[in-house]
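Here it is: the structure, laid out below.
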Amino acid sequence: MVWADWLVSTVSRALAFGVPLLWGTLGEISAERSGVINLGVEGMMILGAFTAFAVAFQTGSPGLGLLAAAGVGGVAALFHAFLSVTLRANQYVSGLALSIFGLGLAGLLGRGWEGKPLAATLPSLALPGLSRIPVVGPMLFQNQTVLTYIGIVLAFLLWLLLFRTRWGVAIRSVGESPATADALGINVTLVRYLCVVFGGLLAGVGGGYLSVAYRPAWTEGMTAGMGWIVIALTIFAAWDPLQAIWGALFFGALYHLSYRLQAFLAPELLKLMPYLFAVVVLALSGFGGARWRRRAPGALGVPYVRGER
Amino acid sequence: MVGRLHAPTPLPSRPALVLLKDITKRFPGVVANDRVTFELRPGEVHALLGENGAGKTTLMNILYGLYRPDSGEIWVKGRRADIRSPRDAIRWGIGMVHQHFKLVLPHTVAENVALGLAGTPFWAPARAVAQKIRELSQRYGLPVDPDRRVWELSAGEQQRVEILKALIRGAEVLILDEPTSVLTPQEAQELFKVLSRMKEDGHGIIFISHKLDEVLSVADRITVMRRGRVVGTVLAQETNKTELARMMVGREVVFRLTKSTCQPGEAALRVQDLYARNDRGLWALKGVSFHVCRGEILGIAGVAGNGQRELVEVLTGLRRAERGKILLLGREVTNRSPRLLSDLGCAHVPEERIRMGIVPALPVEENLILKRHHRPPFCWRGLLRPRAIRSFAHRAVEEYAILTPSLRTPAKLLSGGNIQRLILARELSGRPAVVIAAHPTYGLDVGATEQIRQLLLRQREEGAAVLLVSEDLEEILELSDRIAVMFRGEIMGIVSAGEASLEEIGLMMAGERRSPVRSEGT
Ligand SMILES: Nc1ncnc2c1ncn2[C@@H]1O[C@H](COP(=O)(O)OP(=O)(O)OP(=O)(O)O)[C@@H](O)[C@H]1O
Ligand SMILES: [Mg+2]
């Protein structure tokens, strides 16, 4: 019984902790599928976290806070798109700059907000009916906010969009071979802008979740490196939104377990765990026969210039 | 304008399908198109000929909206067309099959065709398009499976996808930029049949090629370009190879190479029972054995993708041999490093010129010494010696007639033929014992082809063992002393060039084994 309880609470917490990872990863998949790598996830998430908290605090509405977080994430991503798509700057440098800038700006703006209590948090809801199923109910359908479910639905929608629609063909083609898409009249720049900005919206919400739902408070650096895990998760999920669900759950569990093990291990070591796993997972995904299927979009990280030799 | 320009026979009721008028396009340092005028009529195949760098692709890219001309006008069916992007070109009924295919390799055929296609449904566009693909491929004889992934297709099949892409968009004008250089002779024949069917439907086809025989047989009219200008337009029936070559190059071109009789020396390269895998982990070489003697050219014929690429890579140390032995000048060199092989006197003219043959952004002079940059006279105690490099480069550029603005020009800016000359100049400079040349004249114009073939023959005369891998059967027959035919990773037979009949080689290329094989190889 003790074990069952333990399992239930672990999965439930892993799911809750996986939510921001899932939102961030779905956003990054959207950007990378169009051929733009955005290393600014950490920055977009922390800006989202602060914005959501501040707006929810002022207005008393966590929903409004999350919307604002999405907006801020989108604007931050727009900068990245402008630099890397229009100006064709190095995408890695631009993304890193965005992360550092976001962390700095959120820290600066958030000075007076640290430790303030948030009255209006995003409520947990128990899904009627489903939450009563033994074991599975408490595991998956209690103590979750609406963002858990929207995130999972979003993963399915994004998958459908990418693999079953005309837009998806265009997005993936732009990510694989922009010259081909261009030669068929696809507006490569527009597609990339939309995908990157959409990714920013999702990352913003992912960050907002942390400060208005998961741990309703603002602390500097509260994303704690999640943005980097998202980058690894995108690869781990092989740029597939459905696999991102499992990946987010898995890394959510790792984060959670590292808290559970606090009594036994040095805290620094625990904090390291997700990263360690990220490295191991990345190394492993380099092996195996499915490499062709699991490979990155062909034009990832490469700016497109028409007619360049 | 130079040369003679046939006054286009007036066709009163039907205006030209496409009229390019006084098109000029400059790139930094070159005028790629200099007041070019070109006309395409409905129901004709109009060939565009010219040396590497003459400006053919540039002109077509302008028509297709990929480049903007500096000046000049485009008229389509009697109306002035302002073509600013491929989207506009498609709207005007122009389709293009590019020299380097523009396909999304990991996607399916149907997805490639559906990309950007107006009128496809939002949901499941690939499925909706698959039906149309089947119809069109029936009608024009272009068999492809819409559900296959493009990377699995042969070059010929990929080209069919490109043509289907254009047809499905309602293209009345089809531009084919060097369509046959990736095809087997049979596939090329198939393509010509498709073209004649399209002609009957009133399509106009612009056909770019370096193969004069082919152009003469398939085209109605031929326009020749040289250094960005139109030299003239002639009717295919009223001209011949020699005249065309003269118009292109500006001098006489010898089509028959003089070749001395073969006097083979000792075996310089020996391959015994070689096994290797391809990039996907499947067997690409299954027990290949042969030898090449000094003073001899061994041609490896075969349809692309039957293990030739892997063979060359294993022989040059770029791919692991899983089994078997390679002996270079009697010394075992299986799975040794490319540098050791090259130091022992093995020269490599790679298949992918730009990716493997040069460092595109480095200047010509540094590309010329890449192979020996670590040895005197180019390097002394770890430091490069610019003066030695420069004087070597000077001599090489002269000897091999490499056309380059300067020694410091980045190699990627040279034309295809000149990049190939650069590679040969580097690889042949140290008197190699073995020369491994993969598709050495692929995509090169007649002049450059002739020169490069002569260079290879000269190596043979000087006592090098030459292994020539090529899909161009004509080239293999012309240069080789013995011919080995590869099929699915095995050698079907080795015949001496004198006794080889085209038919026999064709059969072996299709997988028929010649009976007394093994004795010849090892
Ligand atoms: N994007 C570009 N930037 C700079 N120079 C270019 C560019 N494209 C073409 N050129 C130059 O313009 C000239 C014409 O090139 P183009 O590709 O049209 O020749 P081509 O006739 O198609 O030759 P080939 O037979 O080798 O395909 C060459 O000198 C080439 O170096
Ligand atoms: Mg060309």
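Everything numeric here is computed off the predicted structure, so don't read it as measured data. Every heavy atom of this structure was used, including side-chain atoms; hydrogens, water molecules and symmetry mates were not. We name chains A, B, ... by the order of the sequence lines, and we start the count at 1 in each one.
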* **A:Y275 atom OH, neighbour heavy-atom count above 12 within 6.0 Å** => yes

* Asked: Which atom names give the shortest non-hydrogen contact between A:I186 and B:G116, and what distance separates them?
  -> CD1-CA, 3.6 Å

* Evaluate whether atom CZ of B:R26 has more than 12 neighbouring non-hydrogen atoms of other residues, nucleotides or ligands under 6.0 angstrom away. => no

* Any chance CZ of B:R227 has more than 12 other-residue heavy atoms, nucleotides or ligands included, within less than 6.0 Å? -> no

* To do: Kindly determine whether B:L66 and A:D182 satisfy side-chain contact (heavy atoms from CB on, under 4.5 Å), including the steps that lead there.
  => CA-CA 9 Å; B:L66 283 166; A:D182 188 24; 4.2 Å; yes

* To do: Give, as side chain, backbone, both or neither, the part of B:F101 having an atom under 4.5 angstrom from any heavy atom of chain A.
  => neither

* Asked: Hey, is the main chain of B:W123 close enough, under 3.5 Å, to the side chain of A:R166 for a donor-acceptor pair?
  -> no

* To do: Taking atom OH of B:Y275 as the centre, report whether more than 12 heavy atoms of other residues, nucleotides or ligands fall under 6.0 Å from it.
  => yes

* Do any N or O atoms from the side chain of B:R87 and from the backbone of A:G185 form a donor-acceptor pair under 3.5 angstrom? -> yes

* For B:P121, is it the side chain, the backbone, both or neither that has a heavy atom under 4.5 Å from a heavy atom of chain A? -> backbone

* To do: Inspect the surroundings of CH2 in A:W228 and state if more than 12 heavy atoms from other residues, nucleotides or ligands are less than 6.0 Å away.
  => yes

* To do: Write down the atom of B:K102, the atom of A:A183, and the distance for their closest heavy-atom approach.
  => CD-CB, 3.6 Å

* Asked: Atom CG in B:N112, atom CG in A:L184: separation rounded to 0.5 Å?
  -> 8.0 Å

* Could you tell me which of B:R127, B:M96, B:R169 has the largest number of non-hydrogen atom pairs under 4.5 Å with chain A? => B:R169

* Do B:Y67 side-chain atoms and A:R306 backbone N/O form a donor-acceptor pair below 3.5 Å? -> no

* Roughly how far, to the nearest 0.5 Å, is NE2 of B:H100 from OG1 of A:T180? -> 12.5 Å

* To do: Report, as yes or no, whether the 6.0 Å neighbourhood of atom CH2 on A:W246 holds more than 12 heavy atoms from other residues, nucleotides or ligands.
  => no

* **Euclidean distance, A:S177 OG relative to B:H107 NE2, rounded to 0.5 Å** => 9.5 Å

* Gap separating the CZ atom of A:R172 from the CG atom of B:L115, nearest 0.5 angstrom -> 10.0 Å

